[in-house]
Enquirer: 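Let me give you the structure first, and then I'll get to my questions.
In this chain, residues are counted from 1 in sequence order.
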Amino acid sequence: NLKAQFDKLSLKSFEDLPGFENLSGSIHLSNKDGSLKFKSTDVSLSYNKLFREQLKFRDLHGDLKWTENYLIFKSISFNNEFINGSINGSIKYNNQKAPYLDIQASIPFIDFKHAKTYYPKTISAESLHWLDTSLLEGSLENTLVAIKGSAADFPFVDENNQPDPNKGSFIVTTTGKNTLIEYGTGWPVVEKFDFNASINAGTFELTSKKGQFLGNTIKDLKTTIPAIAIEHPILNIQGTLNSPIREAIKFINNSPVKES
């Protein structure tokens with residue numbers, strides 16, 4: 001057994017355990033489990049199981065506990081100039097199965113320009129690519145994320161893309177402010193865009209009353225993607241624009257709407 005206080009400690013990630021740099025706090029280690037309490041400034045965190053890049057924070061504090069099969073995080077709070085938030089939950093590992101996730105996160109602010117560092121790997125590769133290349137400016141506020149279930153069953157829907165509580169749950173709610181979005185090839189860039197968005201299992205919904213594209217001003221907009229996890233997701237758009245007819249025609253002629 002080992003119990004110790006530490007100041008500005010660094011440890012490389014190993015197997016399923018995270019690594020860190022410049023961490024201060026206390027640690028308790030045994031042959032089968034351990035715990036870590038930390039309150040640190042200017043700290044870095046590496047955890048390849050969950051994040052693609054090293055995370056750097058101005059302030060980081062909270063508790064970690066682990067056993068052979070569990071990683072538990074409690075009241076972990078973090079902030080820097082690009083993001084601030086907190087996270088609670090656990091990850092259960094099984095050599096024969098995908099990890100079981102039970103994670104809740106609250107993120108009051110995140111800057112889109114630097115957001116991709118913080119997107120978890122639990123999001124599908126296609127969704128990660130879209131987030132990386134489409135959400136380019138502005139911020140997200142009051143974001144809440146809850147994931148519960150096996151990573152193998154993500155996003156926890158049945159064969160009809162309906163939420164399947166027997167598999168798990170995945171819920172996200174957030175608000176976008178003054179954003180710039182490049183939805184995809186052929187779609188016009190949306191600027192000065194405010195929105196409310198949510199994900200419930202495999203369904204995405206976005207509503208907005210503010211934004212501009214190709215000279216058009218958004219008055220009322222509702223966008224849904226009924227199945228975000230399928231190979232070719234379908235985007236449904238309903239909305240009202242406050243714009244001259246010529247600008248509305250420009251939108252139709254310069255977007256995939258023309259082909260529908």
Enquirer: Using the rule given for side chain to side chain donor-acceptor pair (under 3.5 Å), can you reason through Gln104 versus Asp102, listing the C-alpha separation, both sets of side-chain angles and the distance that settles it, and then say yes or no?
Expert: CA-CA 7 Å; Gln104 305 84 43; Asp102 187 358; 2.8 Å; yes
Enquirer: Sequence neighbours excluded, which residues qualify as salt bridge (Lys or Arg N to Asp or Glu O under 4.0 Å) partners of Asp220?
Expert: Lys209
Enquirer: Looking at Thr175 and Lys177, what are the two nearest heavy atoms and their distance?
Expert: CG2-CE, 3.9 Å
Enquirer: Minimum heavy-atom separation for Val189 to Glu182, with atom names?
Expert: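 Minimum heavy-atom separation between Val189 and Glu182: CG2-CG, 3.5 Å.
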Enquirer: Among Asn80, Asp42, Asn22, Ile76, whose side chain to side chain contact (heavy atoms under 4.5 Å, CB included) with Leu60 holds?
Expert: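 Of Asn80, Asp42, Asn22, Ile76, side chain to side chain contact (heavy atoms under 4.5 Å, CB included) with Leu60 is met by Ile76 alone.
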Enquirer: With sequence neighbours excluded, what pairs up with Lys210 under the salt bridge (Lys or Arg N to Asp or Glu O under 4.0 Å) test?
Expert: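 If we apply the salt bridge (Lys or Arg N to Asp or Glu O under 4.0 Å) test to Lys210, skipping adjacent residues, the hits are Asp194.
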Enquirer: Checking Thr173 now: which residues fulfil side-chain contact (heavy atoms from CB on, under 4.5 Å) with it, not counting sequence neighbours?
Expert: Leu144, Ser198
Enquirer: Does Lys121 have more than 12 heavy atoms from other residues, nucleotides or ligands lying within 6.0 Å of its NZ?
Expert: yes
Enquirer: What do the steps show when you test Asn1 against Ser30 for side chain to side chain donor-acceptor pair (under 3.5 Å), and what is the final call?
Expert: CA-CA 5 Å; Asn1 290 347; Ser30 71; 4.5 Å; no
Enquirer: Can you tell me how far CG of Leu50 sits from CG of Leu71, rounded to the nearest 0.5 angstrom?
Expert: 9.0 Å
Enquirer: Which class fits the ring pair Phe156 and Phe154: parallel under 30°, tilted 30 to 60°, perpendicular over 60°?
Expert: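 Because their plane-to-plane angle is over 60°, the rings of Phe156 and Phe154 count as perpendicular.
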Enquirer: Could you tell me which residues satisfy side-chain contact (heavy atoms from CB on, under 4.5 Å) with His129, sequence neighbours excluded, listed by chain and number?
Expert: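 If we apply the side-chain contact (heavy atoms from CB on, under 4.5 Å) test to His129, skipping adjacent residues, the hits are Thr133.
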Enquirer: Can you tell me which residue pairs pass the side-chain hydrogen bond (donor to acceptor under 3.5 Å, both in side chains) test with a partner in residues 60-76, sequence neighbours excluded?
Expert: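 Every pair satisfying side-chain hydrogen bond (donor to acceptor under 3.5 Å, both in side chains) with a residue in residues 60-76: Lys37-Asp63.
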Enquirer: Just to verify, what does Lys49 make a salt bridge (Lys or Arg N to Asp or Glu O under 4.0 Å) with, not counting sequence neighbours?
Expert: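 Residues passing salt bridge (Lys or Arg N to Asp or Glu O under 4.0 Å) with Lys49: Asp16.
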Enquirer: Which pairs, with at least one residue in residues 142-157 and sequence neighbours excluded, count as a side-chain hydrogen bond (donor to acceptor under 3.5 Å, both in side chains)?
Expert: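 Listed by first then second residue: Thr143-Thr174.
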Enquirer: Does Ile171 share a hydrophobic cluster with Leu101, counting links as ILVMFWY side-chain heavy atoms below 4.5 Å and allowing steps through other members?
Expert: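 Different clusters: Ile171 never reaches Leu101 through Ile, Leu, Val, Met, Phe, Trp or Tyr contacts under 4.5 Å.
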Enquirer: Using the side-chain contact (heavy atoms from CB on, under 4.5 Å) criterion, which residues pair with Asn236? Sequence neighbours excluded.
Expert: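 Asn236: side-chain contact (heavy atoms from CB on, under 4.5 Å) contacts with Thr224, Pro226, Ile234.
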Enquirer: What residues form a ring-ring contact (aromatic ring centres under 6.0 Å, His included) with Tyr93, not counting sequence neighbours?
Expert: none
Enquirer: Quick one: CD1 on Ile27 to CG on Leu36, what's the gap to the nearest 0.5 Å?
Expert: 5.5 Å
Enquirer: Does atom NZ of Lys167 have more than 12 heavy-atom neighbours, drawn from other residues, nucleotides or ligands, at distances under 6.0 Å?
Expert: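 Enclosed: over 12 neighbouring heavy atoms sit under 6.0 Å from NZ of Lys167.
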Enquirer: Is it the case that one hydrophobic cluster holds both Val145 and Phe204, taking links as side-chain heavy atoms less than 4.5 Å apart, direct or via other members?
Expert: yes
Enquirer: What residues, two or more places apart in sequence or in another chain, satisfy side-chain contact (heavy atoms from CB on, under 4.5 Å) together with Leu9?
Expert: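 By the side-chain contact (heavy atoms from CB on, under 4.5 Å) rule, Leu9 matches Phe6, Phe20.
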Enquirer: Within a 6.0 Å radius of atom CD on Gln238, are there more than 12 heavy atoms belonging to other residues, nucleotides or ligands?
Expert: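 At most 12 heavy atoms, drawn from other residues, nucleotides or ligands, come within 6.0 Å of this atom.
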Enquirer: Got a sec, which residues hit salt bridge (Lys or Arg N to Asp or Glu O under 4.0 Å) with Arg52, two or more places apart in sequence or on another chain?
Expert: Asp132
Enquirer: Provide the full list of ring pair (Phe, Tyr, Trp, His ring centres under 6.0 Å) pairs with a residue in residues 97-126, sequence neighbours left out, each pair given once.
Expert: Phe82-His114
